[in-house]
Amino acid sequence: MKVLVIGSGGREHALVWKLAQSPRVSALFCAPGNAGIESEARCVPIATEDIPKLKAFAVSEGIDLTVVGPEGSLALGVADEFRKAKLKLFGPTRGAAEIESSKIFAKDLMTRHQIPTASARSFDRVEPALDYLAHHPLPVVVKAEGLAQGKGVVVATTHEQAREAATDMLERQRFGRAGQRVLVEEFLDGAEVTVMAFTDGKTVVPMVAAQDHKRVGDGDTGPNTGGMGAYAPAPLVTPSLHATILRDVLRPIVDALSRIGRPFHGVLYAGLMIARGTPYVLEFNARFGDPETQVVLPLLKTDLVDVMEAVVEHRLDQLAIEWHQQSAVCVVLTSAGYPGSYQTGLPIHGLPETETSDDHALVFHAGTRREGQAIVTAGGRVVGVTGLAPRLAIARERAYKAAGTISFEGRHFRSDIASQALQASL
Ligand code: AMP
Ligand code: GLY
């Protein structure tokens with residue numbers, strides 16, 4: 001089988017690494033890929049949002065299955081376009097992907113189906129938003145309606161900050177179209193977890209729960225990023241909570257999307273706040289999370305091609321999906337300055353192969369590119385290092401040990417990935 005992966009980050013490197021293990025894959029391509037993906041797949045220089053070129057490539061190469069990483073391609077309708085050309089693709093249509101690309105659509109659907117989530121109101125003009133905010137209890141959450149690469153959410157602890165956020169989005173158009181409408185949302189206090197699920201629109205199979213670390217600094221300080229690290233399984237999500245999340249969140253939203261004629265095929269990502277034992281939805285994503293994928297896929301025992309094919313062919317009910325009884329911890333190494341502006345083109349030293357020689361860690365490239373013999377930085381998140389072990393504490397040690405061998409100017413990482421889970425379990 002010939003498989004094409006769309007994307008260029010750590011998530012896509014993890015996907016490519018996993019797909020390469022399948023005896024069913026005869027050729028693996030990635031558009032556009034990165035310097036690490038190159039060692040497992042043939043990288044083709046097509047941008048993730050250039051849908052016509054991606055489609056032309058898939059047709060001319062005779063690609064049997066295309067796997068979509070980033071939300072941007074989905075929101076542009078890559079699945080719809082591929083379907084028109086009778087090409088098999090793992091990922092939801094544009095209409096179904098609105099569960100991520102429109103926070104107002106997602107909120108309406110959740111409210112109509114009694115899926116637990118923070119109460120919210122939407123605004124498209126700044127004055128009514130400011131009036132409403134002036135009387136809202138603090139903290140209050142202001143969210144841009146559209147895709148803003150994880151930067152469109154402000155948790156305001158003062159009315160001044162809330163006003164500033166709403167004005168930035170609605171008046172100064174800081175996020176362009178994505179911020180033309182905003183949601184003002186009640187603040188939820190609790191512990192955040194991610195549960196992703198495979199679904200073919202009928203059957204929903206949740207993966208092991210993961211926890212992301214969104215803030216840039218230790219102890220959850222500093223601005224939000226795309227994710228500084230993750231671990232799985234998250235011990236907070238007990239088997240009974242996992243079952244509740246499936247029953248009260250994942251199944252109802254998948255059913256709701258099918259009922260309105262937008263069946264969801266692919267990976268549905270639920271970002272949840274667990275408050276007094278109840279899972280509240282913070283956001284849905286229409287794809288694999290990053291870095292969560294870098295800890296969840298290494299734990300998947302079943303051939304990923306079999307899973308994806310079952311989703312695409314709408315027969316997920318016929319497959320038993322199995323997991324390794326292991327833990328995984330991923331530490332992300334970032335460029336100095338990220339998530340603000342940062343320098344690129346800096347040489348990276350001490351990079352191991354994807355699978356380290358002791359088999360204890362995996363090195364997934366995110367923002368890297370080849371320059372002659374050297375591999376240099378090419379993004380904010382540069383490399384993700386995943387440690388694996390039967391126990392979370394050892395997985396964490398292994399991740400940090402392997403991460404320590406990799407260096408580049410200004411390298412930053414959090415030193416407390418998975419710490420809270422370990423302290424809680426003592
Ligand atoms: P989102 O992209 O909607 O998941 O929001 C990004 C981050 O903002 C989340 O991971 C949470 O840490 C925080 N957040 C979003 N909505 C809320 C809320 N209603 N209450 C508390 N924190 C929130
Ligand atoms: N780690 C958060 C996301 O992928 O959106």
Side-chain angles (χ1 to χ4, degrees), residues 7 9-12 14-15 68-72 74-75 97 99-107 110-111 116-122 136-157 161-162 165 169 175 178-179 182-196 207 209-216 220-232 234 267-275 278-297 330 332 334 339 364 366 380-381 384 414 417:
R11 164 182 56 207
E12 286 77 14
L15 280 164
V68 186
E71 62 275 20
L74 295 166
I99 199 69
E100 169 169 12
S101 63
S102 166
K103 288 192 192 287
I104 294 176
F105 169 73
K107 189 64 81 177
M110 284 187 267
T111 309
T117 183
S119 62
R121 278 191 55 177
S122 64
H136 200 289
L138 295 171
V140 60
V141 187
V142 182
K143 296 185 173 184
E145 130 87 356
L147 295 178
Q149 299 188 322
K151 294 171 193 150
V153 176
V154 176
V155 180
T157 50
Q161 270 175 9
M169 292 175 196
F175 298 102
V182 303
L183 274 181
V184 175
E185 199 172 282
E186 158 206 18
F187 175 81
L188 298 171
D189 203 5
E192 266 189 81
V193 293
T194 299
V195 179
M196 300 187 279
M207 304 182 214
Q211 200 156 30
D212 186 7
H213 294 60
K214 289 203 165 89
R215 303 292 196 96
V216 73
D220 291 329
T221 52
N224 264 329
T225 68
M228 296 296 295
Y231 64 90
V267 166
L268 182 65
Y269 167 125
L272 304 160
M273 187 71 87
I274 312 298
T278 300
Y280 291 87
V281 177
L282 295 176
E283 64 167 344
F284 283 115
N285 291 329
R287 49 162 177 90
F288 283 102
D290 196 0
E292 289 93 334
T293 301
Q294 300 180 53
V295 288
V296 171
L297 282 188
C330 174
V332 177
T334 64
F364 296 125
R381 292 192 285 180
R414 276 183 64 162
I417 305 299

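All ligand and atom numbering here is 1-based and tracks the order in the structure. Everything numeric in this text was worked out from a predicted model, so none of it was measured.
For Ser102, the side chain to side chain donor-acceptor pair (under 3.5 Å) criterion is met by Glu145, not counting sequence neighbours. Looking at residues two or more places apart in sequence or on another chain, you find no side chain to side chain donor-acceptor pair (under 3.5 Å) involving Glu192. Not counting sequence neighbours, Lys103 has no partner by the side chain to side chain donor-acceptor pair (under 3.5 Å) test.
Looking only at protein heavy atoms, the nearest one to atom 3 (O) of ligand 1 is Lys143 NZ, 3.0 Å. Of the protein's heavy atoms, Met273 CE, 3.9 Å lies nearest to atom 22 (N) of ligand 1. The nearest protein atom to atom 20 (N) of ligand 1, hydrogens excluded, is given as Leu188 N, 2.8 Å; this is a heavy-atom distance.
Only the side chain of Lys103 comes within 4.0 Å of ligand 1, counting heavy atoms alone; its backbone N, CA, C and O stay farther away. Under 4.0 Å from ligand 1, the heavy atoms of Val153 that appear belong solely to its side chain. The proximity of Leu282 to ligand 1, defined as any non-hydrogen pair under 4.0 Å, involves the side chain as well as the backbone.
Every atom of ligand 1 is numbered from 1 in the order shown, and the set under 4.0 Å from a heavy atom of Ala118 is 19 (N). Those atoms of ligand 1 that come under 4.0 Å of a heavy atom in Phe187, given as number and element, are 20 (N), 21 (C). Close approach to Glu283 involves these atoms of ligand 1, each under 4.0 Å from a residue heavy atom: 1 (P), 2 (O), 3 (O), 4 (O). Each of the atoms 10 (O) of ligand 1 lies under 4.0 Å from some heavy atom of Lys214.
The line from NE2 of His136 to CD of Glu186 is 7.0 Å long, rounded to the nearest 0.5 Å.
Here the side chain of Arg381 pairs a donor or acceptor atom with the backbone of Gly226 at under 3.5 angstrom.
For ligand 2, residues of the protein lying within 4.0 angstrom by heavy-atom distance are Asp212, Gly226, Tyr269, Asn285, Arg287, Gly289, Asp290, Pro291, Glu292.
Smallest separation of non-hydrogen atoms from Ala162 and Val140: CB-CG1, 3.7 Å. The two atoms that bring Val332 and Gly229 nearest to each other are CG2-N, 3.9 Å, heavy atoms only.
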